[in-house]
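Written out below as C-alpha cells is the structure these notes cover.
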Amino acid sequence: MTKSKFDVVVIGGGSTGTAVARDCAMRGLQTLLLERDDIASATVGTCAGMISSGLKYRDEPDMMKICSKEVVYWNHIARHIIAKNPILAPLLDLSDAASDSSYMESYSEHVEERDVPAMMFLTPDASIEIEPMLHPEIIASVYYEEYFIDPFRLCLLQALDARNHGAEIRTYCEVIDFEINDKQEIEGVIFYNRVSGATERVETKLVVNAAGPWAHKVAKSAKDYLPIRLNKGAHVIFDRRIVNIGITVKAMDGRWIYLFPHENTTLLGTTALDTWENPDTLVASFDEIEYLLQSMETVLPSIREARIIRTMTGVRPLVPDWKVPERNVTRGYRIIDHSENDGKKGLISFLGGKLVTCRHMAEAVTDLVCEKLGKDIACSTHEKPLPGNEDDVDIIALSKEYDISLHALERMRARRGTEMVKVLELTKEHPEWKTTICTCEPIIEAEIRLSIREEFPQTLNDLRRRLRLGTGPCQGTFCTYKAASILSDELGLAGDDFLVDILDFRAERWKGIRQSMRGEQLAQEELAQGMYACVGNLDQSDVDYDVKPWEEGF
Amino acid sequence: MDLEADLVVIGGGMAGLIAGTIAAEEGLDTILLRKGQSATAYSSGAIDVIGYLPEASEPISSPEEGLFALSRLYPLHPYSVIGYDDRIESGKIVETIVERTKEAITWLKAHLDGTDAPLMGDFKSNMHPITILGTTKPTCLIQKTMDHGDVQTREDSVLLFIGITGYADFNPSTAAKTYLEDRIADTSPPRIVGHRTVQVMPFGKPYNLSSVELARHLDHEGTIEDLAEQLKGHIEQLGATHLAFPPILGIQNALKNKVKLEELTGTTVFELLGFPPSIPGQRLQRALETIFTKAGGKMLLGHEATSYQKVNDIVKSITATAPRREIKIDANAFVLATGKYIGGGIAGDEKGLRETVFDLGPVTGDYHSAMEIVPSRSTSRLSISPTGQPIQSCGLSVDPRFRPVNDDGIEWAKNLFAAGAVIAGYNYSVEKSGLGVAATSGYSAAKNAIEFIKEVT
C-alpha cells in the first residue's frame with residue numbers, strides 16, 4: 001500500500017539520490033524516492049565507477065581528504081562490488097615528469113588509510129613489462145592505484161537497502177509540480193507515473209533535489225531558480241579488457257584522459273564539453289571519439305586495432321563557476337537550502353559532487369533534513385554494509401555444488417556478494433534456469449528471474465543496469481529476444497509489449513553503437529539487422545513504439 | 001603450389017556455390033575458395049526473393065509483382081541490372097528481369113530437391129511463415145520442414161508452440177502470445193494457440209541446450225518416438241491440429257522426422273523461422289555444397305583470397321592463403337562472392353569502406369563512393385525501421401553482366417564477376433531479398449563468366 005505522507009521526498013535515483021534515500025531511511029525518516037526513469041539511468045550510469053582518491057583535485061586538499069576517507073568507507077560497506085585497478089601514467093618527455101611531482105605528494109598523503117602503495121616512478125622496461133602495448137619510447141611512468149565500484153549496483157544496492165529500511169522507491173515517476181502554500185512552503189509533490197499514466201501526489205514538507213543534470217528543471221517546477229553548469233562527457237568502449245591495467249595520459253588540450261579495464265570491457269574517456277542540450281538527446285560525436293583515440297594513441301600506438309563496440313555519453317551537473325575550464329571547476333559539492341535565499345521553504349538542492357562523495361553528500365543533507373525536522377539521529381551509512389557484503393563467498397565450492405561455470409559465478413558474485421545464493425537456490429527447483437542467456441557477460445536465467453522479482457526492473461534496459469545484460473561485444477544481438485521473453489513471462493506482458501521491449505532495447509543499444517561503428521561492429525550490426533529486421537520482420541511491426549529523444553529530428 | 005582452372009569462385013555461401021555449380025555443370029573446371037562459415041549458414045534457411053519495396057510498409061504479394069515494380073523503379077537494383085544490358089531490346093527489359101529471377105529460383109528449387117534442404121513454394125505468391133518471435137514474414141521459398149499446412153486457413157485449427165526445457169533460443173509462451181494477438185487482429189485462424197514444453201536431453205542435462213545438440217539428437221533413432229509420447233497428452237488436452245517447433249528437427253533427417261512426428265501425433269508439424277545459430281541455414285549450406293561437389297566442382301576450405309595478378313583489364317590469377325600454404329590459381333574468369341560485412345567481402349573503419357580482395361572502391365546505396373564515408377553517417381537514427389541502415393546497402397557497383405565497375409562506369413576487369421551481398425544497391429534485411437539476390441546474381445554471374453570463358457578459349 002502506497003503511503004501518501006512522507007517526512008522527506010528525494011528526487012533522483014542516481015548515486016546521490018539513492019544515497020540520500022538510504023541515509024534518511026536508516027535514520028528512521030518516512031522517505032520516498034522518485035526517479036523519472038530507472039535507478040542509475042543517467043549521469044552515474046555513464047561513468048567509469050572510479051571512487052577516486054581525488055588526485056585530479058590536489059588544489060582542494062579538503063576534497064582529497066574527504067575522498068580518501070570515503071574510499072575507506074566504501075571498502076568497508078561495499079567491497080563485493082569494488083575492484084582495485086593499478087594505473088600507469090606513461091611519460092613521453094621530462095616536462096610531464098616535473099609537472100607530476102605535486103600530484104605524487106598529495107596522492108601519497110593518504111595512502112596508508114586506503115591500503116595502497118605510495119605513488120612511484122617506474123622505468124620504461126618495468127612499465128612495458130606490465131603493459132607491453134605501451135609506446136617503446138616512453139621515458140618513465142608513474143604508478144598508482146585506485147578503487148572502482150560498479151556504479152549501477154552501487155545505486156541499486158543503496159535503493160534496495162533504503163527499501164529494506166522502510167523507504168519507498170518509485171521508478172518511472174517524474175516530478176511535474178509542487179504544492180506550495182502562501183508562506184512559500186512546500187506542502188506536496190505532484191508526479192506523473194510513466195508506467196500507469198496516472199498523476200499522483202504525496203504530502204511532504206521537505207524535498208531533496210538530487211536530480212543531477214535536471215536539478216535546475218526541478219527547481220523551476222517549484223517556481224524557484226538554481227544556476228547549474230552542465231558538462232558533457234563521452235566514453236569509447238572496447239569489447240574486452242584490452243589492457244592489463246589502467247592507463248592515463250594527457251590529451252592534446254592538456255586534460256587527463258584514461259583507459260580503464262572495466263568489468264568485461266575497457267573504457268576510454270572522457271571528453272568535457274559544456275552543454276545546453278537536453279541530456280536525453282546527447283550522443284558522442286565523431287570529434288569526441290577522435291579526441292580520445294588520438295590522445296591515447298600517443299602512449300598506446302595500437303589502440304585502433306582493438307575492437308570498439310560502442311560509445312556512452314553522460315552529463316556532469318557542475319557547480320556553476322564561470323570563466324574556468326571544466327577541469328578546474330571544483331568537484332566539491334554545494335547543498336543549496338532554497339529557503340535561505342528567499343526561495344521555497346523545504347526545497348534543498350545539490351550541485352556538483354562526485355561518485356566517491358555521494359555517501360558524504362547524503363550524510364550532510366540528511367543532517368540538515370533532521371535538523372529541520374527537529375530530530376537528532378546519528379548517521380550510520382558508513383558503518384552498515386550494503387546488501388551482499390556481509391561475508392566472503394567461496395566461488396569454487398559453489399561451482400562444484402551447482403555445476404555452474406566459475407566465470408559465471410564470479411561475475412554473479414561481483415554483482416551480489418553473499419546474496420548470490422538466492423539466485424542459486426532458484427536453480428534447485430528449476431535446473432533449466434542455469435541456462436546462459438547473455439553469453440558475453442555471462443548471465444544465467446535464474447539471475448534474470450530473481451532480478452525481475454526483487455529488483456523492480458520494468459524494461460530490458462533496467463535489466464541491463466542490474467545485470468550488465470547486453471553490454472558485451474555482441475551488444476545484445478543474441479540475448480535481447482531471450483531476455484525479453486523472460487521479462488514478458490515474469491511480468492505477464494502482452495505479445496505486443498514483448499516486441500516493444502525488443503525494439504526499445506535495440507534502440508538504446510544502437511544509440512551508442514552507431515556513433516563509433518567500424519570494423520567488426522559492421523558485421524555485428526549486419527547480423528542484428530538480419531535477425532530482428534529480416535527474420536523477425538520487426539521493422540514492419542505495427543506495435544506502439546515511442547520514438548526516443550535521441551531519435552527525434554532528422 | 002600452382003593450380004589452374006577455368007573459373008575460380010571466391011566465397012562459399014549461396015551466391016558462390018550457385019555460381020560454382022552452374023559452371024561445373026557446364027563442364028568448366030571450377031575451384032571455389034571458402035574462408036570460413038558463410039552468412040548463408042546463419043540465415044533462417046528460407047529463400048526471400050522480395051518481400052517489401054524499399055521504404056514501403058505493405059508486403060508484396062508475389063515475387064513476380066515485386067520484380068515488376070523493382071525493375072521500373074530501381075533500375076540499378078541487383079535484380080534489375082541484367083535488364084539494362086544493351087543486348088536486351090527496350091520492350092523486353094521487365095520481362096527479362098522477371099524471367100531471369102524466376103529461372104534462377106526455379107533452378108535452385110529443382111536442384112535442392114532430394115538434398116537435406118528441399119524447398120517448397122513458388123514465384124507466384126509469397127508465403128508468410130511464422131518466426132520464433134511469433135511474428136510472420138513474407139518469403140518466396142521455405143524448406144519443406146517449415147510447411148505449416150493449413151494452420152492459417154483452416155477455421156478449426158489449434159496451434160501449439162512447443163518449447164524445449166533448457167533451450168533458451170525459443171520461448172513458446174511469448175511466441176504463442178505474439179502470434180495469437182496477430183491472428184486476432186487479422187481475424188484469421190488459428191483461433192486457439194497454446195504452448196507446451198517438452199524435455200529433450202542429449203547429454204542428460206536440462207540446461208544450456210544448443211540448436212546443434214538438439215538437431216543431432218533428433219537425428220538419432222528413437223528420439224522422435226519419445227517426443228511423440230510426451231506430446232500426446234498435450235495434443236489431446238487442447239485438441240491441437242498443428243505443432244510449431246523451433247528449427248531443430250534434425251540435420252540430415254529433418255524432413256523424415258517431421259513426417260514421422262506427424263504420423264505419430266496425427267497433427268501437422270513444422271519448424272518456425274529462427275535466428276543463428278541456425279540449423280536450417282546449415283542444412284541449406286550443406287545442400288548447396290553437395291550439389292556443387294556433385295556437379296564436379298572443387299572446394300578449397302579454409303582458403304582466403306589474399307592477392308591477385310592483373311594484366312591490363314584481365315585478372316590472371318589469384319593467390320589463396322590457408323594456415324599452412326599458399327596457392328596461386330590461374331583462371332580465365334573469377335566470381336567474387338565474398339559477402340558483405342559478415343562474409344568479409346566489404347570492410348570498413350572510420351575512414352571509409354573497401355572491398356577486401358581486389359581493393360575495389362565500394363559505393364553507397366545511392367551509388368556515391370563509399371571509400372571515404374564515416375560509417376556512422378551512413379546510418380539511420382532508428383535502429384529497426386523500414387528505412388533500414390543505409391550502410392547495409394553499400395557494396396560494389398556492377399554492370400548488366402555483373403562485373404564490378406569503376407566510378408566511370410567501365411568494368412574494372414573483363415573477367416571479374418560479382419555476386420551476392422558484396423553487390424551494392426539493396427538492403428536485404430528490410431526488403432527481405434537476401435538469398436534471392438544471392439541466388440539470382442550467382443546464377444547470372446556464372447552465366448556471364450561462362451560466356452566470357454567460351455569466347456576466349
Side-chain angles (χ1 to χ4, degrees), chain A residues 286 289-290 304 403 427 431-437 444-445 478 481-482 484-486 488-489 493-496 498-499 502-503 506-507 509-511 514-520 522-542 547 550-554, chain B residues 39 42-44 48 51-52 57 59 131-138 165-169 171 173-175 177-182 205-209 273-276 340-342 344 346-350 374-377 379 381-386 388-389 391-392 428-430 432 434:
Chain A
F286 182 84
I289 298 167
E290 274 304 309
R304 280 177 206 267
D403 190 26
T427 66
E432 71 275 15
W433 291 353
K434 288 194 237 175
T435 300
T436 308
I437 301 298
I444 64 167
E445 182 166 345
F478 290 103
Y481 72 101
K482 298 176 193 171
S485 295
I486 298 169
S488 172
D489 268 357
L493 301 180
D496 271 9
F498 159 68
L499 299 181
I502 293 177
L503 289 172
R506 292 319 307 155
R509 292 289 79 190
W510 179 239
K511 177 189 180 186
R514 181 181 179 220
Q515 314 308 324
S516 56
M517 238 200 3
R518 64 193 70 187
E520 289 91 338
L522 292 169
Q524 189 68 57
E525 190 53 30
E526 187 186 349
L527 195 58
Q529 289 287 324
M531 287 167 63
Y532 295 101
C534 189
V535 180
N537 207 13
L538 295 184
D539 57 321
Q540 294 288 349
S541 173
D542 57 2
V547 171
W550 62 89
E551 293 174 338
E552 285 167 358
F554 294 97
Chain B
Y42 291 126
S43 75
S44 71
D48 296 348
Y52 296 87
S57 58
T131 76
I132 55 165
L133 300 181
T135 54
T136 58
K137 70 165 278 191
T165 306
Y167 173 65
D169 292 23
N171 182 312
S173 80
T174 36
K177 266 191 281 193
T178 310
Y179 184 60
L180 182 60
E181 280 176 29
D182 181 64
K205 283 181 185 174
Y207 53 90
N208 275 334
L209 296 178
L273 260 58
F275 291 160
K340 207 179 294 294
Y341 310 113
I342 296 175
I346 307 287
D349 58 21
E350 68 278 20
V374 176
S376 66
R377 301 215 175 114
T379 55
R381 285 186 193 196
L382 289 165
S383 166
I384 311 279
S385 81
Q389 296 303 340
I391 189 90
Q392 303 298 343
Y428 68 81
S429 285
V430 292
K432 326 298 175 199

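To find a chain, count down the sequence lines: A is the first, B the second, and so on, and within it residues start at 1. All figures in this text were calculated on a predicted structure; none of them were measured in a lab.
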### Message
Would you say that Tyr207(B) contacts Thr427(A) through its side chain, given a criterion of any heavy-atom pair below 4.5 Å between the two side chains?
### Response
no
### Side chain / backbone / both / neither for Pro276(B) at chain A, heavy atoms under 4.5 Å
both
### Task
Under 4.5 Å heavy-atom distance to chain A, tell me which part of Ser383(B) shows up: side chain, backbone, both or neither.
both
### Query
Contact part of Ile132(B) toward chain A, heavy-atom cut-off under 4.5 Å: side chain, backbone, both or neither?
side chain
### Task
May I have the step-by-step check of side-chain contact (heavy atoms from CB on, under 4.5 Å) for Gln524(A) and Ile342(B), ending in yes or no?
CA-CA 7 Å; Gln524(A) 189 68 57; Ile342(B) 296 175; over 6 Å; no
### Contacting region of Thr379(B) [heavy-atom separation from chain A under 4.5 Å]
both
### Task
Pick one of side chain, backbone, both or neither for Thr136(B), based on which atoms fall under 4.5 Å of a heavy atom in chain A.
backbone
### Check: Ile384(B) and Ile502(A) side chains under 4.5 Å, non-hydrogen atoms
no
### Task
Pick one of side chain, backbone, both or neither for Asp182(B), based on which atoms fall under 4.5 Å of a heavy atom in chain A.
neither
## Note on the structure
Bottom line for Glu181(B): the part with an atom under 4.5 Å from chain A's heavy atoms is side chain
### Query
Hey, do the aromatic rings of Tyr532(A) and Phe275(B) have their centres closer than 6.0 Å?
yes
### Query
Do the charged groups of Arg304(A) and Asp349(B) touch, with an N to O distance under 4.0 Å?
no
### Query
Side chain, backbone, both or neither: which part of Lys340(B) has a heavy atom under 4.5 Å from chain A?
both
### Message
Can you confirm whether Pro375(B) sits close enough to Leu522(A) that some side-chain heavy atom of one is under 4.5 Å from a side-chain heavy atom of the other?
### Response
yes
### Query
From Tyr42(B) OH over to Glu526(A) CD, what is the distance, rounded to the nearest 0.5 angstrom?
11.0 Å
### Query
Got Phe498(A) and Lys177(B) here, is their nearest side-chain heavy-atom distance under 4.5 Å?
no
### Message
Go through it in stages, so that I can follow the logic: the residues are Arg514(A) and Arg381(B), the test is side-chain contact (heavy atoms from CB on, under 4.5 Å), and I'd like the CA-CA distance, side-chain angles, deciding distance and then a yes or no.
### Response
CA-CA 8 Å; Arg514(A) 181 181 179 220; Arg381(B) 285 186 193 196; 3.2 Å; yes
### Query
Side chain, backbone, both or neither: which part of Ile391(B) has an atom under 4.5 Å from a heavy atom of chain A?
side chain
